[in-house]
Structures are given as structure tokens and as C-alpha cells.
There are 2 protein chains.
Amino acid sequence: MDDHADHTRKPRADAVRNRERVLEAAKAVFNAGGPEASLEAVAKRAGVGIGTLYRHFPTREALFEAVYRREVEQLSELAEQLKNAKDPVEALRRWLRSGVEFVATKKGMMAALALAVQSGSELHAFSFERLTKAIGSLLDRAVAAGEMRADISPEDLLRAFFGMCYVHDQPGWQATALRLLDVFVDGLRVQPPGKAKASSSKTTKPATKRKR
Amino acid sequence: MDDHADHTRKPRADAVRNRERVLEAAKAVFNAGGPEASLEAVAKRAGVGIGTLYRHFPTREALFEAVYRREVEQLSELAEQLKNAKDPVEALRRWLRSGVEFVATKKGMMAALALAVQSGSELHAFSFERLTKAIGSLLDRAVAAGEMRADISPEDLLRAFFGMCYVHDQPGWQATALRLLDVFVDGLRVQPPGKAKASSSKTTKPATKRKR
DNA sequence: CGAAGATACGGAGGCTTCCTCCGTTTAACA
DNA sequence: TGTTAAACGGAGGAAGCCTCCGTATCTTCG
């Protein structure tokens, strides 16, 4: 495609190469040393000056975002697939469980989630939106089917999920997280009609009208 | 040998005074600047050399623990009082809500909780035990009354609570946390007998026998 | 009271990391 | 091949962590 209006030079080859190197090094270093690892170490491993690293990724978070974009995308695509499942509640549950597995497997996933959940920088936008949408689509389906209460937002759920995974470096955390998520999903189901216990709404002003 | 072992010298007055000063300064600095605040700043505010600070509190965590011991105790005493409430489920719910308020008010509370939850250092022992016991007593009562499922441990619940509070520096976090905790408590209630939906046990091997 | 010894003080200094700034190098384009 | 915009890289200042040890101060006991 010939772009005449575009006066942009072709990006320099060394720039592209270095960017890639830094990404790869960062992946390795972060996976090994956690999200606090030294950026200078990353630069050294990439065989690149610290200045170059900072030029490509002005902040630690920018680098994180770039490194874990793929993970976030995978998780979010999984939601897409699960939308075809019959039971919407089960689908949501399964997504959450897969999320736990992700965190367990990909060592940097937690950092990616932290970025997505901790709104603050501009840079988290991508992850946040992507994951919120993923959860939202599953949640909406369950709500639409009348199986789940409607007063929890996708953001809330994302935060809950993150919270459950937060202790991801303790011995039994995975089992714990799965248990907690199950409890949480149970709590999300609409209370059986007729015999509602109206538990929480007794002490809280309902954030949303409950079943009219 | 005459073991008048307990013939310890009286602790030096300046040492006691300085310890107190450091604690006070730390409280102020941590509440203002968060748990990452500079220890040198603490020392300066206390009018004390950095060496003195480190002698009294060899690690950042030790200092934290000392600063927030009181807060943890308060929270834990609250549980004691709530044990007298009629409705055990409601008591638990209230405790959790108070916890959220604590975190909202005392800015360093999160750090104290983090220490309590993240088992790891030796130093967290006190907080962890204290809070686990607090939650445990409320939880047990609810379980004994047949109102709550028995497959969640106090540690699990503590972690869940912590997780819900984790995003404690976002705009609406407090409302979110309260909502999430409500959902969670709902999920903790035993499913209404006779008409059980057996939601989670369908996909998970039951951690505990459910009422069959 | 006054000396002796134990204890605590404080901050210099070595180390690590962060991040910026700018002189030098190099790839793209004509 | 020359021009020039873009990228490189690392020196260096700022800040924080933590240790070490000479000096100051407190407690004890004769």
C-alpha cells in the first residue's frame, strides 16, 4: 500500500532490533526476579545501554505492559470461547479457574493483572479494557439468563479475582484461590426465589434494586 | 554458679525514649507516604540517626509490625465483642465491614494486613495468629449454627478479605469492597436444604462432604 | 560522688537502583 | 556518497538501603 501522505521514514533497523531484544531480556529477567527486578539488569542482558531501554519504554510499567500483552490477550480470548458454553455460570467459573492457572503458570501474569487492576497510569488501559470486556461478556450472559445477581460490575469481579490470586506465592495458594472463587461464584448466583434470605441487603443499602 | 540471671540492667532511658520517637515518626510517615516511604525520612523526623532506627527495628517489617500492632489488636478485639451478637452470619459480615473501614481510615493498615497475610517473615506471626483467631471464632460460630459451609478455613477467609481490600487506592474501592464482601458472605452460607443447586461441587471435587 | 564499664548514638560511606542528559554513532534517503 | 534525523549508550547526580565503628551517655557500684 503506497502511502504518499505519509512522510514517515522507515523505522531504523537497529531500533527495531533493540526493542525486540529488550523485550526478550525483560521477559527473562522479570520471570526470574519478579516485577521488582532491576531495569539495569534487563538492559545489560539485552546488551543495550540503559538509555536505550528507557527510550523504548519510558517507565517500568510500559515495559511490563509490552511484555505481558500476550498473556492478557490469551486470557481474554479464552473468554470468547467460553461464551459458547451452555451453562453461563459454569462458563464464568471456568474462566476464573483458568485465570488461576494462568497466574500459577506464567510467572509474570500477576504483574500484568496488577497493572490491569490498579488503575492509575495511562498505560494500563489496554489490559484493563481487555479483561473487563472478557469478564463482562461472561457476566452479562449469566445475568441475562437470570442466574446471577446484577449488582456486580465486571470491574468488581476483576478486582475480586485479582484479590483472590493475590497471595500467589504461598504454599497452598492455588487450592485456596480456587476454593475462594467457588464461594464467590456461589454468592453471585441469584438467591433462590421465594425463600430469599435477603442477607446482605439487610445491612447494606442495595447498590441496585434487587429482583424487583 | 549463682544464677541471678534476671539481674538485668535497667534499660537505658535514652534508648526507651528514642524507640518511642521512632515509632511515632514511623506512624506519621507511613500513613502519609505509604509503606514504601523512606526509612531515612522516618529517622530524620524522629530526630534520630539512621543507625538508631536500624538498631531498634532491624528491618522495615519489624518497624511495621510494631507500628500497627495496636491496630491489629483493635480489629481482633472487635471480633471478641461481635461474638455476642445473635446472628452469627451477620456478626461475621459486620466484622468484615469494619475491617474495610479500618483499612480506609488507617492508611497503614493495609501494610499490616499484607504482613499478616503474606506468611513469610517470622515477624508476621503475631498479626497472623491474632487475626486468624478473630476470624476463626466468628466463622466457627456460624458453622456450628449450621448457617455456613465448613470447607473454608479462617486463613482462607482472611486472605479473601485482604484480597478484596487490595485495591484500596482507587476511587471507589470502598464501595466495591463492601459489595464484594457481601457477595462472598452470601456464597459462604449453606445452600438452602432440599433445593440445593450443587453449583460448585459439580466441577470441583468437594473439599468437604456436602449435605447429601 | 566518681570511676568503670556497658550500652546506645549517629552518620559517614559503600553499595544499588533509578532516571536524565547529551556527545557520538549510524541508518535512511536523495 | 553526503546529509541529516534518529538512535545509541553510559556517565553521573539523586536517593535509598544498610553496616560499621569511634564517640557519647547512662547505669551501677565502691
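Everything quoted here is computed from the prediction, not taken from an experiment.
Among dC19(C), dT7(C), dT19(D), the nucleotide with an atom closest to any side-chain atom of I50(B) is dT19(D). Among the nucleotides dC17(D), dC19(C), dC9(C), the one closest to the side chain of E40(B) is dC17(D).
Rounded to whole angstrom, the span from the CZ atom of R55(A) across to the C1' atom of dA7(D) amounts to 5 Å. Rounding to whole angstrom units, CZ of residue F57(B) and P of dG10(C) are separated by 14 Å. Distance, R9(A) CZ to dA28(C) C1': 4 Å, rounded to whole Å. Residue L53(A) contributes atom CG, which lies 13 Å from atom C1' of dT17(C) at whole-angstrom precision. Rounding to whole angstrom units, CG of residue L39(B) and P of dC17(D) are separated by 5 Å. Straight-line distance from the NE2 atom of H56(A) to the C1' atom of dT20(C): 17 Å, rounded to whole Å.
In this structure, S38(A) reaches the dC18(C) phosphate: one of its side-chain N or O atoms is under 4.0 Å from OP1 or OP2. Taking side-chain N and O atoms only, T52(A) has no distance below 4.0 Å to OP1 or OP2 of dA7(D).
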### Message
Checking E101(A) against R97(A) for the salt bridge (charged side-chain N to carboxylate O under 4.0 Å, His left out) test, could you report, in this order, the C-alpha distance in whole Å, the side-chain angles of both residues, the deciding distance, and whether it holds?
### Response
CA-CA 6 Å; E101(A) 211 154 299; R97(A) 298 178 145 265; over 6 Å; no
### Query
Between T52(A) and N18(A), does a side chain to side chain donor-acceptor pair (under 3.5 Å) hold up when you go through it step by step?
CA-CA 8 Å; T52(A) 298; N18(A) 279 339; 5.2 Å; no
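Across all strands shown, R60(A) has heavy atoms under 4.0 Å from sugar-phosphate atoms exclusively, and none from any base.
A salt bridge links R93(A) with D182(A): at least one charged nitrogen is closer than 4.0 Å to a carboxylate oxygen. Here E155(A) does not pair with R159(A) in a salt bridge; the nearest charged N to carboxylate O distance is not below 4.0 Å.
Using bins of under 30°, 30° to 60° and over 60° for the plane-to-plane angle, the ring pair F162(B)/Y166(A) lands in the tilted bin. Between F30(B) and F64(B), the angle of the ring planes stays under 30°, which puts this pair in the parallel group of the 30/60° scheme.
The side-chain contact (heavy atoms from CB on, under 4.5 Å) test with L181(A) singles out one residue from D186(A), L92(A), L96(A), and that residue is L96(A).
Sorted by residue number, the members of residues 41-49 of chain B with any non-hydrogen atom under 4.0 Å from DNA chain C read V48(B), G49(B). Less than 4.0 Å separates DNA chain D from at least one heavy atom of each of the following residues of residues 10-28 of chain A: R12(A), D14(A), A15(A), N18(A).
When all heavy atoms are compared, the tightest approach of L139(A) to S153(A) is CD2-C, 4.0 Å. Contact detail for D151(A) and D156(A): the closest heavy-atom pair is O-OD2, 4.5 Å.
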